[in-house]
Amino acid sequence: MKISFSFILPLTVLLALAFNAAAQDSVGPMAPPPKFEVKRIPAEPHPGPPPIPAEEIIRKFAANEDLMKQKFDTYDYTQTIRIDELADPGGKFSVTGEVYTRPDGQRYMRVDKQPETSLKIEKYNLEDVRTISSMPLFVLTSPEIANYNFKYVGQEKLDQLNTYIFQVKPKMLSRKRRFFEGVIWVDDQDFAIIKSYGKLVSELSGNGTALPFTMFETYRENFQGKYWLPTYIRSDDFIKVPDEQDVPVRLVIRSKDFKPHDAQAEGAAAVPAPLPSSPQSTQPASPSPK
């Protein structure tokens, strides 16, 4: 397996923390850090040029996205969805099911037992969560990249991987479909997207669900030494309660046990495998779940 689970803060959060620390040094004792923060897409940075042309990086990661999507579409997998109210008292909602592909190509989550829930503030049902599980992935394939503007914003080290960072914005919005808007991290050896942070946007407001979550942080895991499949998605947001207080809530989606639709035809279930030895590509970035 080419992954270690250690949570990496986006650059903007690190910069914000440094700025706050410097400001408080000049006025007295440092105030306690905030317990919760919804991260935002980075502002306009001004890095130097990448070591290779940005257009070449985009072309290479799009080609890898083609391969990843082709393989991902052949897999069924187990998915656990959890919602936590980060309040006192708080509760949680948790459900596990099998995600499979219908004959029409649509993903569907089959649940064998009712969700476990102890939510105190909001009540969500199984259909709300199924909608989340069927939301489109942030996949930037070769046909898709023509719909976007990409801006190179620098480099960052995620665990043992060096990455190129790009801001991604759709050229035009539509009422018929949603596009990705956010940031992607691209491994500088495999030229594969290993992390994304952003949202789905269209001319219509909202995210298409009854859930409050809009910004999604997605980590990918390397399978078979060449496919980076999304296995961990997290989103932090707020819900309002009658006294007008904002209560933080967290969504975590985990996917595992990937196996081909037809296991006999495709062979055994897909298991993460170590990559060929490479000083830059042995430990992919991934969060440390809380």
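Note that these values count all heavy atoms, side chains included, but never hydrogens, waters or copies made by symmetry.
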Exercise. Can you tell which of Leu200, Ile233, Ile253 makes a side chain to side chain contact (heavy atoms under 4.5 Å, CB included) with Phe216?
Worked result: Ile233
Residue pair [X] / [Y], side-chain heavy-atom distance below 4.5 Å:
X      : Y      : result
Phe213 : Val249 : yes
Glu181 : Pro170 : yes
Asp73  : Thr101 : no
Ser174 : Phe179 : yes
Thr231 : Lys256 : no

Straight-line distance of [X] [atom1] to [Y] [atom2], nearest 0.5 Å:
X      : Y      : atom1 : atom2 : result
Phe238 : Leu86  : CZ    : CG    : 9.5 Å
Asn64  : Tyr227 : CG    : OH    : 10.0 Å
Ser94  : Arg82  : OG    : CZ    : 6.5 Å
Phe180 : Asn147 : CZ    : CG    : 14.0 Å

For this session: Is it possible for you to say whether Phe258 and Tyr100 belong to one hydrophobic cluster, with membership spreading through side-chain heavy-atom contacts below 4.5 Å?
Result: no
Problem set entry | salt bridge (Lys or Arg N to Asp or Glu O under 4.0 Å) assessment of Asp236 paired with Arg250 | CA-CA 5 Å; Asp236 291 332; Arg250 174 171 294 160; 2.7 Å; yes
Taking atom [atom1] of [X] as the centre, does the number of heavy atoms from other residues, nucleotides or ligands within less than 6.0 Å exceed 12?
X      : atom1 : result
Lys123 : NZ    : yes
Glu56  : CD    : yes
Lys92  : NZ    : no
Lys171 : NZ    : yes
Glu127 : CD    : yes

For this session: Please determine if Arg110 forms a cation-pi arrangement with Tyr108, meaning its NZ or CZ atom is less than 6.0 Å from the six-membered ring centre and no more than 45° off the ring axis.
Result: no
Problem set entry | Distance under 6.0 Å and angle within 45° of ring axis: Arg107 vs Phe72 | yes
Exercise. Side chain of Glu85, backbone of Lys120: donor and acceptor closer than 3.5 Å?
Worked result: yes
Exercise. Side chains of Tyr219 and Glu221: do they bring a donor and an acceptor to under 3.5 Å?
Worked result: no
Problem set entry | Distance-only polar pair, side chains of Gln79 and Ser255, donor-acceptor under 3.5 Å | yes
For this session: Just do the side-chain contact (heavy atoms from CB on, under 4.5 Å) check on Ile193 and Arg220 with the steps written out, would you?
Result: CA-CA 8 Å; Ile193 297 174; Arg220 300 189 186 186; 4.0 Å; yes
Problem set entry | Under-4.0 Å salt bridge between Lys259 and Asp257 | no
Seminar exercise, completed: Exactly one candidate in Trp228, Tyr164, Phe150 meets ring pair (Phe, Tyr, Trp, His ring centres under 6.0 Å) with Phe61; the answer is Phe150
